Every structure is written in structure tokens, then in C-alpha cells.
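Okay, so here's the structure we're looking at.
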Amino acid sequence: MSRIDADGLAAFAEQAIDECLMPAWSPALERVGVHLQRPHHEVVSADSITTDCGEMSNANQVVAFYCTQDRTIYLFTSGTSTYAERAGWLPMAVLAHEFGHHVQNATDSWPITDDETTDRRIELQAECLAGVWFHDGQQAIDGFSRALVVGRYVSNDTHGSAAVRTAWFDRGFDRGDTDDCRSYTADTGEVG
């Protein structure tokens with residue numbers, strides 16, 4: 001899959017949500033009393049889109065985002081096509097991260113304090129939750145490579161350094177336990 005068009009990405013996202021992410025997360029959340037509703041998803045071919053969460057663009061290497069207000073995962077075709085050139089399943093890493101935000105929203109697991117690290121802690125927890133999903137789902141993915149997942153990371157103000165992002169993905173991936181994804185109580189140095 002060297003290029004993903006809007007229809008192909010929409011079909012991929014629908015199948016991944018219905019056959020991979022919902023079946024993995026729903027039972028785990030039901031055990032703690034949370035009913036997980038299926039998120040919406042929308043493929044964006046334009047450079048920007050206005051949503052209930054405001055305007056988002058694919059500038060600054062944004063390839064996807066989750067809007068808490070309308071419970072929708074938005075996927076830009078531009079970024080996921082780039083990832084697909086490296087591995088056909090790599091858009092799944094993006095989708096697993098955004099689905100992590102959906103899990104945060106469903107469980108209302110947001111930080112109590114609001115400081116300069118709040119946004120980063122939110123992103124790093126979603127990265128860890130993606131790692132938890134890959135811990136259990138990796139055997140079902142042809143050609144899976146943890147190195148390719150973390151190799152896509154770039155440093156930015158919101159998500160932190162590539163090394164910190166990798167560390168949080170690895171927490172989830174190595175241990176497969178959401179309890180290890182407590183970015184909100186981590187020392188500031190762990191979210192740098």
C-alpha cells in the first residue's frame with residue numbers, strides 16, 4: 001500500500017475500529033463499568049478542517065486528531081499516505097493513538113491540574129494506550145515492527161521529544177497494562 005486515497009483510508013479506519021480497537025477496548029472497559037461507544041471517524045483530504053473542537057490543519061506534521069466534543073477521529077490523507085509508504089499497517093499506529101484519546105474521553109481520565117505540561121501528559125498517555133493495544137495486537141499484524149512505530153516520532157511541544165514519546169509507547173507495549181500509563185502523576189522529567 002504505497003498510497004492511500006480518501007476512500008481507502010476511510011475503509012481502513014472503519015475496519016480497524018470495528019474489528020481491532022473496539023473488540024480490544026470494550027471488554028476491558030466494561031469490566032470497570034465503562035460502556036465504550038464507538039467513535040466516529042472522518043477522513044480529511046483538505047489541508048484544514050473546522051470541527052467542534054476548532055480548526056485543525058495538517059501543518060506541523062499533524063496527521064490525525066481526536067475531537068472530544070463530537071467523539072470523532074479525524075485522519076488527514078496527506079500524513080497517513082506518507083506513513084503507508086514505509087509500512088502498510090503503520091496508519092494503525094496513528095489510529096491506535098487517536099483511539100487512546102477516545103478511551104481517555106470515555107473514562108474521563110483527564111488531569112486535575114492545568115499547567116504547561118497538561119497537553120503533553122494527555123498525548124503521552126494516549127501514546128502509552130496505543131502501546132497497550134499493540135502489546136496484545138502485534139501478532140495479528142503482518143510485518144509488525146515496533147521500531148517502525150517509534151521511528152515515526154518527531155519532537156514537538158505538544159507531544160514531547162521523540163525519546164519521551166518512545167518511552168511512553170514502550171511502557172504500554174512492554175507491559176500491556178493501562179496502569180502503567182499514568183502520565184498525569186509522572187515526574188516532570190518523564191514528560192519532557
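Quantities reported herein were computed from a predicted structural model and do not represent experimental measurements. By convention here, the first residue in the shown sequence is residue 1. Keep in mind that the numbers below use all heavy atoms, side chains included, and drop hydrogens, waters and symmetry copies.
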With no hydrogens and no angle check, is any side-chain donor or acceptor of [X] less than 3.5 Å from a backbone partner on [Y]?
X	Y	value
R121	S183	yes
S155	A162	yes
Y74	V63	no
H135	F173	yes
Q125	C181	yes

- Task: Among H102, H41, R71, find the one that has a side chain to side chain donor-acceptor pair (under 3.5 Å) with Y66.
- Result: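 Result: among H102, H41, R71, H102 is the only option passing the side chain to side chain donor-acceptor pair (under 3.5 Å) with Y66.
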If two hydrophobic side chains count as joined below 4.5 Å and joins carry through other members, does [X] share a cluster with [Y]?
X	Y	value
V132	V191	no
M92	W168	no
V164	F134	no
L75	W133	yes
F99	V94	yes

- Message: Under 3.5 Å, is there a donor on one side chain and an acceptor on the other for T158 and N156?
- Response: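 Their side chains do not contain a donor-acceptor pair, so the 3.5 Å distance test is not met.
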- Query: Are I49 and F65 side-chain neighbours, meaning at least one heavy-atom pair lies under 4.5 Å?
  - Reply: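 Counting from C-beta outward, I49 and F65 do come under 4.5 Å.
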- Item | side chain to side chain contact (heavy atoms under 4.5 Å, CB included) partner of T107, chosen from V32, T178, V34 |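 The passing option is V34.
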- salt bridge (Lys or Arg N to Asp or Glu O under 4.0 Å) partner of D170, the single match among R165, R146, R175: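 It is R146; the other options fail the test.
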- Kindly determine whether E30 and H35 satisfy side-chain hydrogen bond (donor to acceptor under 3.5 Å, both in side chains), including the steps that lead there. CA-CA 6 Å; E30 288 286 346; H35 174 71; 3.0 Å; yes
- Task: List for me each residue that meets ring-ring contact (aromatic ring centres under 6.0 Å, His included) alongside H101, sequence neighbours excluded, and say none if there are none.
- Result: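 Checked H101 against ring-ring contact (aromatic ring centres under 6.0 Å, His included); matches are H97.
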Solution key, residues 19-26 side-chain donor-acceptor pairs under 3.5 Å, sequence neighbours excluded:
residue : atom : partner : partner atom : Å
E19     : OE1  : Q15     : NE2          : 3.2
S26     : OG   : M22     : O            : 2.9

- Query: For the residue pair S57 and S48, what are the closest heavy atoms and their distance?
  - Reply: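 Nearest pair, atom of S57 first, then S48: CB-CB, 3.7 Å.
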- Task: Inspect the surroundings of CG in D115 and state if more than 12 heavy atoms from other residues, nucleotides or ligands are less than 6.0 Å away.
- Result: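 Yes.
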